[in-house]
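A short write-up of the structure that comes next.
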Amino acid sequence: MTCDPRVLRRPLLVGLIPAVWTVVLGLWGLSRQNSVWRDEAATWQVARRSTGDIVRMLEHVDVVHSLYYLCMHGLFAGFGPSTTVLRLPSVLAVAAAAACVALIGHRLAGAYVGLGAGLVLGLLPAVQFYLQEGRPYALVAAGSAVSTLLLVNALRGRARKRTWAAYACAVLVCGWLNWLALLMLPAHLITLLWSRAPRGVRVRWAVAAGAATAGVLPLALFSLDQSGQVSWVPPLTWHMMIGPAILLAIGGLGGLLGRRTGTGTAPGTGMGTAERTGVAGRTDRTGRAGPPDLADRAGRPGPAGTVEPTDLAGPPDLANRAGRPGPTGTVEPPGPVTGSPSVAAVGLPLLAVPQLGLIGLSLVKPLFVDRYILFSLLGLALLIGALIGRAVDEVARRSRPAARCVLPVLVAVALVALLPQSLAKRSPASRVDDVLAAAERTRQLKHDGDGVLFIPAARRDTWLVTPDAFTGTRDIALAETPEKSGTLKGVEASPARVRAAMLAQRRILLVTDATGVARPTRGRRDRTKAEVLATHFTLVSDERIRGRRVAVYERLAPAGGG
């Protein structure tokens with residue numbers, strides 16, 4: 001299998017191939033054996049509420065995900081709740097991101113760099129994890145990819161007012177999906193400065209970025225009142241820096257070794273972009289050898305056979321190869337186009353700035369969770385694509401037909417090498433727990449009239465996602481439903497009332513975390529539940545199912561009873 005030159009000549013196909021590839025990866029094992037873990041359970045149960053109930057909840061909790069919840073509510077209302085509807089938006093979002101990354105790489109350094117970057121994105125282990133996740137992080141990555149593509153187009157002289165308006169809208173949507181996505185803006189600023197963008201471009205970017213930031217700022221400020229939601233995030237430690245350090249090292253290597261990718265080479269000595277796209281040596285309508293798109297930008301013969309100046313407003317990867325007229329009428333190698341970014345100028349800031357920015361924020365408030373900056377891996381994919389492009393160039397110096405096999409071979413090797421991880425991430429065991437499995441076991445163990453307890457109260461998501469599994473039972477600790485209270489887990493009664501309700505039950509089903517997943521019992525209410533079960537009930541069944549525990553307790557006979 002080789003890369004067909006006809007494919008490499010078509011930017012649309014360069015973007016479409018990674019998109020289709022990513023969709024295939026996403027649909028593979030999408031249901032994860034019909035499992036849903038606690039984070040996805042939050043999406044599931046909120047999406048099933050009415051719009052009014054969702055808005056009421058956002059006043060108290062999870063306002064940072066408000067746009068995502070409302071979108072998922074629309075999808076659940078239209079197509080019904082299922083693991084496919086829950087996760088398919090993430091699959092399509094990463095596919096869109098892969099297409100954008102491919103187009104960015106193609107425009108900056110050639111088709112092989114673009115195809116490599118787009119195909120690599122869906123193979124990255126972290127991306128494979130969130131590719132099939134019913135949460136907003138893949139959508140943020142897609143929006144970041146779109147905004148970066150628009151920025152690259154602007155830097156390559158294709159900016160219009162609508163380009164900057166679209167850029168501002170893309171950043172705004174990303175911010176409303178998760179305001180930490182605004183960390184892409186300082187990355188884009190570094191790209192502007194690195195590529196020596198004209199002052200007019202920098203001013204227009206500042207206006208667009210400022211407008212988007214102003215639109216996200218109210219959400220960010222309001223969410224600060226709900227900062228208790230991330231109280232579970234541990235403080236920053238040195239061992240947490242290992243992952244970012246590895247990513248930055250790989251990205252730096254890609255930027256260093258791939259820096260000459262796409263600079264072009266003299267015919268017969270290697271594989272420049274014209275050769276890589278398979279159009280070298282073609283004859284255009286004027287009868288001149290060479291690809292028509294290069295001929296159009298390289299100028300046409302003047303009256304004395306000289307070459308007119310190159311139109312550098314065109315794509316830099318073509319304009320840089322078009323050359324300039326030399327003193328004897330020969331074409332000299334061109335210099336770089338001012339304002340035209342390199343792959344490193346786009347990829348390195350996009351990878352490094354969000355990572356380092358989140359580390360900096362975490363020194364003030366613990367926030368370092370890799371999924372919050374999933375979009376930074378777009379930069380890593382671009383830099384790996386540059387490495388692939390460099391490998392293609394090196395092989396092309398010896399054999400151009402062999403060079404066409406480099407990308408398919410590398411992708412196949414990566415797919416096989418990552419197969420164990422890919423299979424693991426599509427297994428229910430890849431997540432902390434499984435809400436649906438616990439609910440199904442509850443359905444099998446329940447008796448009509450049983451009382452149900454959840455420790456902690458957040459494990460009530462088992463009931464909220466699959467209420468039919470609890471038909472005939474009663475949540476004996478619940479005082480106010482999640483919908484009425486505007487919360488994720490509802491409001492429970494006082495410890496005294498919980499104790500009285502438990503003692504009135506003959507049989508109680510307990511849904512809690514399995515050993516190894518459970519945290520120390522906190523709160524007086526949960527301690528009361530555990531104490532009453534231990535003192536007044538006997539354990540008759542105790543099962544651990546994919547990170548959760550479903551136990552059955554029966555009331556002890558009163559002392560002196562018959």
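Position 1 is the first residue of the sequence; numbering continues from there. Below, each value reflects all heavy atoms present in this structure, side chains not excepted, and no hydrogens, waters or symmetry copies.
Remark: Asn34 pairs with no residue by the side chain to side chain donor-acceptor pair (under 3.5 Å) rule, at least two apart or across chains.
For the residue pair Gln33 / Arg426, no side-chain donor-acceptor distance below 3.5 Å is found, with atom types taken as modelled. At a cut-off of 3.5 Å, with distance as the only test, no side-chain donor of Arg546 or Ser35 sits close to an acceptor on the other residue. No side-chain donor from either of Glu133 and Ser90 sits under 3.5 Å from a side-chain acceptor of the other.
A donor-acceptor pair is defined here as one N or O able to donate and one able to accept, closer than 3.5 Å; such a pair exists between the side chain of Glu40 and the backbone of Gly134. When atom types are taken as modelled, the side chain of Trp232 and the backbone of Gln229 share a donor-acceptor pair closer than 3.5 angstrom. With Asp450 contributing its side chain and Arg474 its backbone, the two residues share no donor-acceptor pair below 3.5 Å. A donor-acceptor pair under 3.5 Å links the side-chain atoms of Thr22 to the main chain of Pro18, judged by distance alone. Ser376 contributes a side-chain N or O that, together with a main-chain N or O of Ile373, makes up a donor-acceptor pair within less than 3.5 Å. Arg87 places a side-chain N or O within donor-acceptor distance of the main-chain N or O of Ser31, the cut-off being under 3.5 Å. A donor-acceptor pair under 3.5 Å is absent between the side-chain atoms of Thr466 and the main chain of Trp463, judged by distance alone. Thr191 places a side-chain N or O within 3.5 Å of a backbone atom of Ala187 that can act as its donor or acceptor partner. Under the 3.5 Å distance criterion, the side-chain polar atoms of Trp21 are left unmatched by any main-chain donor or acceptor of Val120. No donor-acceptor pair under 3.5 Å is formed between the side chain of His188 and the backbone N or O of Leu151.
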Working for side-chain contact (heavy atoms from CB on, under 4.5 Å), residues Ile508 and Phe537: CA-CA 9 Å; Ile508 290 178; Phe537 288 80; 3.6 Å; yes
From CA spacing to verdict: side-chain contact (heavy atoms from CB on, under 4.5 Å), Leu248, Leu356: CA-CA 10 Å; Leu248 293 177; Leu356 298 176; 4.2 Å; yes
Intermediate values then yes/no, side-chain contact (heavy atoms from CB on, under 4.5 Å), Phe454 and Asp461: CA-CA 9 Å; Phe454 301 96; Asp461 56 5; over 6 Å; no
Evaluation steps, side chain to side chain donor-acceptor pair (under 3.5 Å), between Thr84 and Ser82: CA-CA 5 Å; Thr84 299; Ser82 69; 4.6 Å; no
Verdict with reasoning, Trp176 to Tyr68, per ring-ring contact (aromatic ring centres under 6.0 Å, His included): CA-CA 8 Å; Trp176 270 86; Tyr68 177 70; over 10 Å; no
Phe470 vs Lys446, side-chain contact (heavy atoms from CB on, under 4.5 Å): CA-CA, chis, key distance, verdict: CA-CA 8 Å; Phe470 291 81; Lys446 71 178 183 180; 5.9 Å; no
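The two atoms that bring Gly451 and Ile476 nearest to each other are CA-CG2, 3.9 Å, heavy atoms only. Residues Lys489 and Ala457 approach most closely at CB-O, 3.8 Å, considering heavy atoms. Closest of all the heavy-atom pairs between Leu180 and Phe375 is O-CZ, 3.9 Å. Closest of all the heavy-atom pairs between Val85 and Met72 is O-CE, 3.6 Å. Across Leu382 and Ala117, no two heavy atoms sit closer than the pair CA-CB, 3.9 Å. Heavy-atom minimum distance, Val346 versus Val152: CG2-CG2, 4.0 Å.
Ion pairing of Arg499 with Glu531 is present here, as a side-chain N (NZ or NE/NH1/NH2) and a carboxylate O approach within less than 4.0 Å. Checked for salt-bridge contact, Glu483 and Arg48 miss the test: no charged N lies under 4.0 Å from a carboxylate O. Using a 4.0 Å cut-off between charged nitrogen and carboxylate oxygen, Asp513 and Arg549 do not count as a salt-bridge pair. Arg431 and Asp39 are not joined by a salt bridge, as no carboxylate oxygen comes within less than 4.0 angstrom of a charged side-chain nitrogen. A salt bridge links Asp475 with Arg460; the closest basic N to acidic carboxylate O contact falls under 4.0 Å. A salt bridge is absent between Arg548 and Glu543: the closest approach of a Lys/Arg side-chain nitrogen to an acidic carboxylate oxygen does not fall below 4.0 angstrom.
Between Tyr130 and Tyr137, the ring planes are perpendicular. Angles over 60° get that label, and only those under 30° would be called parallel. Taking the six-membered ring where tryptophan is involved, the planes of Trp37 and Phe129 are perpendicular, since the angle between them exceeds 60° and thus also 30°.
To the nearest 0.5 Å, atoms CG (Leu149) and CG (Leu378) are separated by 11.5 Å. To the nearest 0.5 Å, atom NZ of residue Lys365 and atom CG of residue Leu363 are 13.5 Å apart. Atom-to-atom distance recorded for Leu177:CG and Leu67:CG is 5.0 Å, nearest 0.5 angstrom. Going from atom OG1 of Thr487 over to atom CZ of Arg56 covers 11.0 Å, rounded to the nearest 0.5 Å.
Counting non-hydrogen atoms of other residues, nucleotides and ligands closer than 6.0 Å to NZ of Lys484 gives a total of 12 or fewer.
Applying salt bridge (Lys or Arg N to Asp or Glu O under 4.0 Å) to Glu492 and the options Arg459, Arg524, Lys529 leaves one that passes, Lys529.
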